[in-house]
Amino acid sequence: MKLGFVSAILDQSNFEEMMDTASDLGFECVEVACWPAGKAERRYAGVSHIDADRVLSDDEYAEYIMAYSKSKNVEISSLAYYPNTMDGNLEKRAAAIEHLKKLIQASAKLGVGMVTTFIGRDQTKTVEENLELVKEIWPPILDLAKSLDVKVAIENCPMLFGPDQWPGGQNLMTTPAIWKKVFEILPYDNFGINYDPSHFVWQMIDYIKPIYEFKDKIFHVHYKDIKVYPDRLNQCGIMAYPLDFMSPKLPGLGDVDWGKYVSALTDIGYDGYTCIEVEDKAFEGTKEKVLDSLKLSKKYMENFVI
């Protein structure tokens, strides 16, 4: 397994600075944030370390990206973009799909061969209604990816954290039961999972068993921890906004048993990219804190991944 991080945490850095940081800290790969230009609608979104439009239109720029990555001995694990491709707002939906398709093309051109994203969800509709939307929206996206030999890995984050995302959340692929249904609808070999155990922790789902059940669908892995506060949970219950009873933490500072998690990955023979995702508010605010978050996370995860 190769150890890296999600580049969105270095939102104040350009591509070169981000890659320099990855190299200086000894990371082997980065999942590179590639959002379109414009204002971010939420935290950790809107970061763009690679301009997908420019990759497609400027061969010299694309070659430069590949050469710089090689010179720093840091691989690009994936081009990352986490929008809502099934947004109830049709204008937003169309824009998200358009950029995702560009990212698939850019990933192929750069020789990366992977895009990490969300499947999306119309948060006002039921699961069943959203499964019908999947049938309509996703085959053309995956056909394009298949034609370019690009894998699409969906993260299992519910995107259900505040009033603007309620009642249904903005990402459908949140549980093993829904994974099964979506994979039946979209039986593409290049369509799989970006596995993040932290989201299963606060949903009270076993985060080890699905590793074995979906071993052939795990294309990419996140290392992010979650800390559930039992006293808060006892006050507000599981129907509350999740951030009322939990918070994202650095690996090792929350409730995930990382030894068991990585052990299960080794059991299934996973030898791909594994990226630390920093969303711990205790390590925000200054450049030094952000760098500390990467250093501490790397030091901890190297107990399990070398």
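Positions are given from 1 along the sequence. Quantities reported herein were computed from a predicted structural model and do not represent experimental measurements.
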*Distance from Asp231 atom CG to Tyr229 atom OH, nearest 0.5 Å?*
9.5 Å
*Ile193 versus Phe183: any side-chain heavy-atom pair under 4.5 Å?*
yes
*asked:* Are Phe15 and Ser7 packed together at the side-chain level, in the sense that at least one heavy-atom pair is separated by less than 4.5 angstrom?
replied: no
*asked:* Is it true that, when you exclude Asp189 itself, more than 12 heavy atoms of the residues, nucleotides or ligands shown sit nearer than 6.0 Å to its CG?
replied: no
*Search all heavy atoms of Val182 against all heavy atoms of Phe191 and return the closest pair with its distance.*
CG1-CE2, 3.7 Å
_Minimum heavy-atom separation for Asn84 and Ala96, please, with both atom names._
O-CB, 3.9 Å
*Check the surroundings of atom CD in Glu17: do more than 12 heavy atoms from other residues, nucleotides or ligands lie under 6.0 Å from it?*
yes
_Lys/Arg-Asp/Glu bridge criterion (N-O < 4.0 Å) met for Lys298, Glu302_ = yes
*asked:* Working to the nearest 0.5 angstrom, can you tell me the gap between Asp58 CG and Tyr64 OH?
replied: 12.5 Å
*asked:* So that I can tick it off, tell me whether Asp59 and Lys109 are bridged by a salt bridge, with the cut-off set at under 4.0 angstrom between side-chain N and carboxylate O.
replied: yes
*Mind checking whether Val228 and Leu233 have side chains closer than 4.5 Å, heavy atoms only?*
yes
*For Phe161 and Trp166, what are the C-alpha separation, side-chain angles and deciding distance, and is it a ring pair (Phe, Tyr, Trp, His ring centres under 6.0 Å)?*
CA-CA 8 Å; Phe161 298 113; Trp166 279 60; over 10 Å; no
_Looking at Lys2 and Glu28, is there a salt bridge between them, counting it only when a charged N and a carboxylate O are closer than 4.0 Å?_
no
*Can we call the ring centroids of Tyr300 and Phe304 under 6.0 Å apart?*
yes
*Would you say Glu60 has more than 12 foreign heavy atoms packed within less than 6.0 Å of its CD?*
no
*Side chains of Ser77 and Cys275: closer than 4.5 Å at any heavy-atom pair?*
yes
*If you measure from the Lys or Arg side-chain nitrogens to the Asp or Glu carboxylate oxygens, is any gap between Lys249 and Asp280 under 4.0 Å?*
yes
*Closest approach of Met204 and Ile238, non-hydrogen atoms and distance?*
CE-CG2, 4.3 Å
*Hey, does the Lys NZ or Arg CZ of Lys289 hover above the aromatic six-ring of Phe283, less than 6.0 Å from the centre and inside 45° of the axis?*
no
*Salt-bridged, Glu284 to Lys281, with N to O below 4.0 Å?*
no
*Run the salt bridge (charged side-chain N to carboxylate O under 4.0 Å, His left out) check on Lys72 and Asp20 step by step: do they pass?*
CA-CA 7 Å; Lys72 293 297 175 178; Asp20 290 351; 3.3 Å; yes
*Val150 and Met114: which non-hydrogen atoms are nearest, and at how many Å?*
CG1-N, 3.9 Å
*Do Thr116 and Tyr81 have a side chain donor and acceptor closer than 3.5 Å?*
no
*Strictly under 6.0 Å, is that where the ring centroids of Trp138 and Phe118 end up?*
no
*Would you name the heavy atoms of Met18 and Phe5 that are closest together and state the gap between them?*
O-CZ, 4.4 Å
_To the nearest 0.5 Å, what is the distance between CG on Asp292 and NZ on Lys299?_
11.5 Å
*asked:* Using modelled atom types and a 3.5 Å cut-off, is there a donor and acceptor pairing between side-chain atoms of Ser147 and backbone atoms of Leu144?
replied: yes
*So, do Leu250 and Asp225 sit near enough that their side-chain heavy atoms are less than 4.5 Å apart?*
no
*With side chain to side chain contact (heavy atoms under 4.5 Å, CB included) as the test, would you mind laying out the steps for His220 and Glu31 before giving the verdict?*
CA-CA 10 Å; His220 197 277; Glu31 179 185 350; 3.2 Å; yes
*CD1 of Ile208 to CD1 of Ile211: how many Å apart, nearest 0.5 Å?*
4.5 Å
*With side chain to side chain donor-acceptor pair (under 3.5 Å) as the test, would you mind laying out the steps for Asn194 and His222 before giving the verdict?*
CA-CA 7 Å; Asn194 182 14; His222 274 178; 3.2 Å; yes
_Could you tell me if the side chain of Val290 sits less than 4.5 Å from the side chain of Leu10, heavy atoms only?_
yes
*Nearest 0.5 Å, what's the CE-CD1 distance between Met301 and Ile276?*
7.0 Å
_Using the rule side chain to side chain contact (heavy atoms under 4.5 Å, CB included), only one of Phe214, Tyr207, Tyr212 pairs with Pro210; which is it?_
Phe214
*State yes or no: do Leu110 and Leu100 share one hydrophobic cluster built from I, L, V, M, F, W and Y residues joined by side-chain heavy-atom distances below 4.5 Å, directly or via other members?*
yes
*Nearest atoms (heavy-atom pairs only) where Val47 meets Ala8*: CG2-O, 3.7 Å
_I want to know whether Tyr195 and Trp179 have ring centres closer than 6.0 Å._
yes
_Listed partners of Lys287 passing salt bridge (Lys or Arg N to Asp or Glu O under 4.0 Å), at least two apart_ = none
_Lys224 side chain near Glu279 side chain, heavy-atom distance below 4.5 Å_ = yes
_Under the side chain to side chain contact (heavy atoms under 4.5 Å, CB included) test against Thr174, which residue among His199, Gln203, Arg121 passes?_
Gln203
*Crowded around Asp149 CG? As in, over 12 foreign heavy atoms under 6.0 Å?*
no
*Lys181 atom NZ: more than 12 heavy-atom contacts under 6.0 Å*: no
*With a 4.0 Å cut-off, would you call Asp53 and Lys102 a salt bridge?*
yes
*Give a yes or no on whether Ile154 and Ile218 share a hydrophobic cluster (residues Ile, Leu, Val, Met, Phe, Trp, Tyr; joining criterion: side-chain heavy atoms under 4.5 Å apart).*
yes
*Euclidean distance, Lys125 NZ relative to Leu172 CG, rounded to 0.5 Å*: 13.0 Å
*For Pro36, does its backbone N or O pair with a side-chain atom of Ser48 as donor and acceptor, under 3.5 Å?*
no
*Is any side-chain heavy atom of Tyr61 closer than 4.5 Å to a side-chain heavy atom of Ile50?*
yes
*Walk me through it: do Glu63 and Tyr68 pass the test side chain to side chain donor-acceptor pair (under 3.5 Å)?*
CA-CA 9 Å; Glu63 290 169 4; Tyr68 201 90; over 6 Å; no
*asked:* I'd like to know whether CG of Asp257 has more than 12 heavy-atom contacts from other residues, nucleotides or ligands below 6.0 angstrom.
replied: yes
*asked:* Is it the case that the ring center of Tyr223 lies less than 6.0 angstrom away from the ring center of Trp258?
replied: yes
